[in-house]
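What follows is a set of notes on a single structure, which appears directly below.
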Amino acid sequence: MNFDDVLRQLGEFGPYQKWLYLLLSLPSIPQSLQVIQAVVFLYAVPEHRCAIPGFANDSYEIQNSVHEQLVNQSIPLVSGYYGGGKYSRCQLYQQTNVSNMWSSSRNVTEPCKDWVYDQSQFVSTISETMNFVCEKKSYVSHAKMMGMLGHLVGSLICGPLSDMFGRRPVIISNMFILVLLSICLVWSNSVPVVLFLACAINVCAVGQYLVCFVFGMEIVGPSKRVWAGVAMNLFWSAGNVVSALTAYLVRDWKTRQLIVSVPTVVFAYLYFIPESPRWLLKHGRREEAKRVVANIAKRNKVPMYTDDLNEVDIDKEEVKQEPFWKLLKSPVMMRRMIIICYNWFAVGMGFYGLSMNVTNLSGNIYLNFFLFVVAEAAAYISCFFLMDRVGRKKLLCISLSLTGAACILPLIPVLVADTPEKWAINVLAIIGNMCASASMCTVYTFTAELMPTTSRTFGMSLSSVCCRVGSLLSPYIADLTMYISGRFGQILPMLIFGGITILAAILALLLPETVNRKLPEIIKEAEMIGKNEDEEKIADASVPAELSPLQSQ
């Protein structure tokens with residue numbers, strides 16, 4: 001007897017599972033706020049130029065003719081990305097003191113030490129507050145990279161910890177630490193502290209999301225698993241909408257950081273959620289599992305004899321003989337893990353890279369980001385309807401291929417037109433983000449169904465680590481526009497993202513399909529996925545749906 005058979009008796013997605021799933025999904029909103037607003041808004045670098053030395057009331061906007069004359073005398077013009085001139089961001093004419101009067105020499109330039117910023121889109125950001133410009137412009141990429149490093153570390157440690165100590169304690173500890181660290185960021189005025197907090201906040205946010213996702217997948221039956229896999233992504237997308245709204249309404253980063261951090265304390269209710277009964281069974285804690293299952297049966301108003309759990313064909317000794325590292329000793333699972341890990345690498349690079357690239361697109365950043373969010377939500381809803389009909393593998397291949405195509409196609413308007421249509425590049429970027437979101441949603445569900453319960457969070461964590469490696473590299477690729485001038489520099493990041501995702505789509509064709517299959521409990525069951533599929537379908541068709549495998553024998 002499989003635990004999925006127990007879920008069929010309880011109700012694959014009964015009232016209590018829906019309530020518990022909602023409690024697990026709601027924290028995705030503040031997690032998304034912490035991750036996405038940092039990627040897009042927190043470290044954004046507004047348009048800027050060197051400040052006029054000795055002019056206290058200098059501003060980025062030209063105030064009057066006298067101000068314009070002072071700017072022209074102090075700061076050289078440089079070429080813009082699409083033609084035209086802009087005032088230098090890093091150099092000003094050398095200042096000389098003649099008869100106690102400062103003047104500018106237009107023959108020699110020197111690095112400037114102060115800057116003025118365009119406040120039409122941002123009142124302040126961390127990059128503006130700490131002057132991450134000119135010789136310190138790489139700090140923007142470093143800060144984003146530290147956030148992505150936090151994704152990697154969170155995925156690496158939280159999965160195995162939840163496999164060893166349970167889903168519940170990892171979820172609770174991550175939530176409380178996340179609240180504390182995100183509030184501390186507001187009062188940080190040191191670059192090393194900011195970089196550390198950028199990493200630590202993402203460790204907790206991504207680690208908790210990963211464990212909540214696995215927990216949510218473990219409490220629903222096979223026929224409702226697609227719904228569960230997509231729904232939590234929709235909560236993440238809802239967090240993106242809130243992030244766009246708060247960023248538009250609150251342009252000062254410190255105020256906004258408090259607004260998105262303090263309300264997170266309401267999620268203290270996570271302390272009262274139960275442990276995953278599937279995890280309890282795998283660790284031989286049958287009595288605790290019986291109490292949880294009995295409570296679910298009571299809330300769902302269905303008859304359930306908890307002694308049926310004694311028939312579940314996995315015991316504590318079997319789990320002891322199958323630690324998570326044995327997953328990598330199986331040739332079949334190792335081959336699949338390599339493909340899955342590269343897919344996660346490509347998805348992470350494409351998803352976060354395109355999100356970061358929103359600041360490089362023309363037009364209003366808030367409108368662009370809102371369109372990205374709408375496209376992401378549309379992708380998740382589409383996955384809900386398509387994942388069962390098309391299948392996990394096909395949907396992943398199609399979405400990755402379209403992501404790559406949308407990233408590469410901007411090369412065409414850049415090559416054929418002297419002045420490329422910026423709206424066309426924006427539209428393609430939004431389509432690419434939509435397809436990348438569909439890939440992210442699909443690969444989460446696909447990986448969870450390919451992995452055995454004994455190593456599911458380890459497999460998810462290892463895959464997520466590869467995703468974070470991709471996301472670690474994405475800020476440096478997205479920020480190539482800061483180092484390569486001209487139109488080609490603007491689309492080079494997209495070309496790199498496109499090539500990597502298309503290769504991932506090709507490799508995904510080698511994976512087996514998992515639609516309508518039970519979650520494998522052990523490695524041997526996971527290895528059997530995709531083998532003799534025709535025989536399995538015939539056998540499944542000959543057994544009445546209401547009978548468990550044990551009863552049919």
Side-chain angles (χ1 to χ4, degrees), residues 27 30-45 122 124-161 170-211 239 243 247 252-265 267 348 352-353 355-356 359 461 464-479 482:
Q31 292 158 13
S32 172
L33 282 169
Q34 294 295 341
V35 172
I36 298 300
Q37 73 116 4
V39 167
V40 179
F41 300 110
L42 204 58
Y43 302 107
V45 181
F122 304 100
S124 71
T125 67
I126 287 182
S127 298
E128 177 184 348
T129 303
M130 298 189 170
N131 290 321
F132 289 168
V133 294
C134 298
E135 73 274 5
K136 296 164 80 174
K137 64 183 177 181
S138 61
Y139 286 19
V140 176
S141 299
H142 296 337
K144 292 178 182 178
M145 181 274 293
M146 289 299 292
M148 297 301 107
L149 179 63
H151 289 203
L152 189 152
V153 174
S155 303
L156 190 63
I157 66 174
C158 291
L161 284 175
V170 175
I171 291 172
I172 294 170
S173 57
N174 276 341
M175 177 54 69
F176 282 103
I177 296 173
L178 176 63
V179 175
L180 178 63
L181 295 180
S182 58
I183 294 175
C184 288
L185 181 62
V186 176
W187 285 277
S188 303
N189 54 12
S190 165
V191 172
V193 173
V194 168
L195 295 179
F196 168 77
L197 290 176
C199 179
I201 287 171
N202 281 273
V203 169
C204 298
V206 174
Q208 184 185 18
Y209 179 83
L210 176 67
V211 180
S243 183
D252 175 67
W253 78 268
K254 290 189 176 182
T255 304
R256 186 173 66 248
Q257 184 66 19
L258 284 175
I259 289 174
V260 302
S261 301
V262 174
T264 309
V265 298
F267 295 102
Y352 289 102
S355 297
M356 292 175 190
T359 57
S461 296
S464 192
V465 164
C466 297
C467 176
R468 308 318 164 190
V469 172
S471 60
L472 274 170
L473 298 176
S474 59
Y476 295 98
I477 297 174
D479 289 342
M482 300 168 61

(message) Any side-chain to backbone donor/acceptor pair from Ser182 onto Leu178? Under 3.5 Å, distance only.
(response) yes
(message) Could you check whether any side-chain N or O of Ser127 sits under 3.5 Å from a backbone N or O of Val45, counting only pairs where one atom can act as donor and the other as acceptor?
(response)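 Looks like no, no N/O pair under 3.5 Å.
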Tell me the closest heavy-atom pair linking [X] and [Y], and the distance in Å.
| X | Y | value |
| --- | --- | --- |
| Asn174 | Cys158 | ND2-SG, 3.4 Å |
| Leu42 | Trp253 | CD1-CE3, 3.8 Å |
| Ser190 | Met130 | N-CE, 3.8 Å |
| Ala198 | Asn202 | O-ND2, 2.7 Å |
| Val265 | Val179 | CG1-CG1, 3.7 Å |
| Leu185 | Leu197 | CA-CD1, 3.6 Å |

Calculate, to the nearest 0.5 Å, the distance between atoms [atom1] and [atom2] belonging to [X] and [Y] respectively.
| X | Y | atom1 | atom2 | value |
| --- | --- | --- | --- | --- |
| Arg256 | Phe41 | CZ | CZ | 7.0 Å |
| Ser188 | Ile183 | OG | CD1 | 12.0 Å |
| Met145 | Ser138 | CE | OG | 10.0 Å |
| Glu128 | Asp252 | CD | CG | 9.5 Å |

Just so I know, are the side chains of [X] and [Y] near enough to count as touching, which here means a heavy-atom distance under 4.5 Å?
| X | Y | value |
| --- | --- | --- |
| Tyr139 | Tyr43 | no |
| Val170 | Gln208 | no |
| Phe132 | Val191 | yes |
| His151 | Val203 | no |

(message) Is it true that Ser261 and Gln34 share a donor-acceptor pair across their side chains at a distance under 3.5 Å?
(response)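 Yes.
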(message) If you count every heavy atom of other residues, nucleotides or ligands that lies below 6.0 Å from Phe267 atom CZ, does the total exceed 12?
(response)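 Atom CZ in Phe267 is crowded, with more than 12 foreign heavy atoms closer than 6.0 Å.
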